[in-house]
Amino acid sequence: MTAMLFDESGVALPADGRLEEIHRLLLERFGAPEPRVPWDPLSQFIYSLLSSRTKTETTYAVVAKLKETFGGWENLRDATLKEIEQAIGDVTFPEQKAMQLKGSLEEITRRYGRLTLDFLAGYRTDKIRGWLEQFPGVGPKTSGAVVNFSTLRRKALCLDSHNLRVVQRLGLTPRADAPTTEERLMRIVPESWTAEKMDDDHQLVKKLGQTICTFAEPKCKVCPLVGLCKYGQRELKVG
Ligand code: SF4
């Protein structure tokens, strides 16, 4: 059952008010995230493909190294698997990701005639995501990141492991996998939220997941969302 959430005066919030209130409290605690300078869709795709189970700073450093080593993404595509694997050695599962990366870059070139994803700007968001998710290793998290974080700037919620854990503990939607959770959350995202605000929300929730609502030990007593959280309210009663 979905948890009922209340504002500071104890008034029950409408469905789309829950996310707004959570966003407000996180902004109050962490401040506004640094404005993102969006990358082109292909660069974002490469970053997101490499980023799973890898620290953000490490993935940024690896992408910077790839740019320095290979110059253009065509050179990365044409490099050998061994060369790519060596260049991305700091991310998790480099062998598997090197294969996915090379395979995807070759397939994009084969389908579009050259290596770019800029043409996706002409597609509907659901079509873009479906198109991207055909590639090996590309799921809703990667496709969500490409459509929301890149210059495509479409409305989408990119649910990484931190976001998913926080949303589940909050009891915002019934427990489910990331794609189903995203679908359910999108139904309660306020109409007025822009793609940029969804990006900010992703970053704020991620920060909460990294610092307070951690996998090992949620620190509910110091969490700004405890008054709205199903798990947190239970913890407070027990403690
Ligand atoms: S109250 Fe606890 S479980 Fe809920 S979001 Fe905060 S840290 Fe996570």
Side-chain angles (χ1 to χ4, degrees), residues 1-36 48 51-59 92 139-142 144-145 148-149 155-239:
M1 197 175 115
T2 304
M4 179 62 78
L5 302 182
F6 302 89
D7 70 9
E8 285 164 336
S9 56
V11 176
L13 292 165
D16 65 353
R18 297 169 193 164
L19 292 184
E20 197 70 83
E21 182 63 358
I22 288 165
H23 191 85
R24 187 187 71 75
L25 290 166
L26 292 177
L27 271 179
E28 209 171 83
R29 172 63 63 95
F30 297 125
E34 280 289 303
R36 185 189 295 275
S48 300
S51 70
S52 91
R53 297 181 188 225
T54 302
K55 286 193 170 147
T56 306
E57 320 78 84
T58 307
T59 315
T92 55
K141 182 168 82 78
T142 301
N148 184 241
F149 304 161
K155 290 190 185 191
L157 288 170
C158 173
L159 293 185
D160 63 14
S161 58
H162 295 296
N163 280 258
L164 187 61
R165 181 176 65 255
V166 172
V167 165
Q168 287 178 340
R169 286 178 177 163
L170 281 166
L172 273 177
T173 61
R175 190 167 274 268
D177 58 12
T180 310
T181 304
E182 185 192 348
E183 201 185 304
R184 289 173 174 163
L185 283 175
M186 286 301 282
R187 289 191 219 131
I188 58 168
V189 168
E191 268 294 304
S192 61
W193 280 27
T194 58
E196 286 79 3
K197 184 157 179 175
M198 290 182 168
D199 182 356
D200 283 355
D201 197 70
H202 163 84
Q203 294 184 56
L204 289 166
V205 174
K206 182 171 182 168
K207 191 155 187 179
L208 184 83
Q210 287 169 330
T211 57
I212 296 176
C213 193
T214 56
F215 173 74
E217 188 196 1
K219 304 171 187 70
C220 302
K221 284 183 184 156
V222 297
C223 178
L225 305 186
V226 69
L228 309 174
C229 180
K230 203 172 173 183
Y231 183 104
Q233 289 296 311
R234 224 173 31 230
E235 284 295 290
L236 289 192
K237 272 183 203 144
V238 174

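A quick note: this is a predicted structure, and the numbers were derived from the prediction, not measured. In listed order, ligands and their atoms are each counted from 1.
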Handout entry: NZ/NE/NH1/NH2 to OD/OE distance under 4.0 Å, R187 and E183
Key = yes

Problem - atom 2 (Fe) of ligand 1 neighbourhood, protein N/O/S only, threshold under 2.8 Å - result: C220 SG

Handout entry: Minimal non-hydrogen separation, L204 against H23, with atom names
Key = CD1-CE1, 3.7 Å

Completion exercise
So the ring-ring contact (aromatic ring centres under 6.0 Å, His included) pairs with at least one residue in residues 194-230 (sequence neighbours excluded) are F149-H202

Practice task
Provide the closest heavy-atom pair for A176 versus L164 in the form atom of the first, atom of the second, distance.
Solution key: O-CD1, 4.3 Å

Practice task
Indicate yes or no: at least one non-hydrogen side-chain atom of E235 is less than 4.5 angstrom from one of P218.
Solution key: no

Problem - Side chain to side chain, M198 and M186, heavy atoms closer than 4.5 Å - result: yes

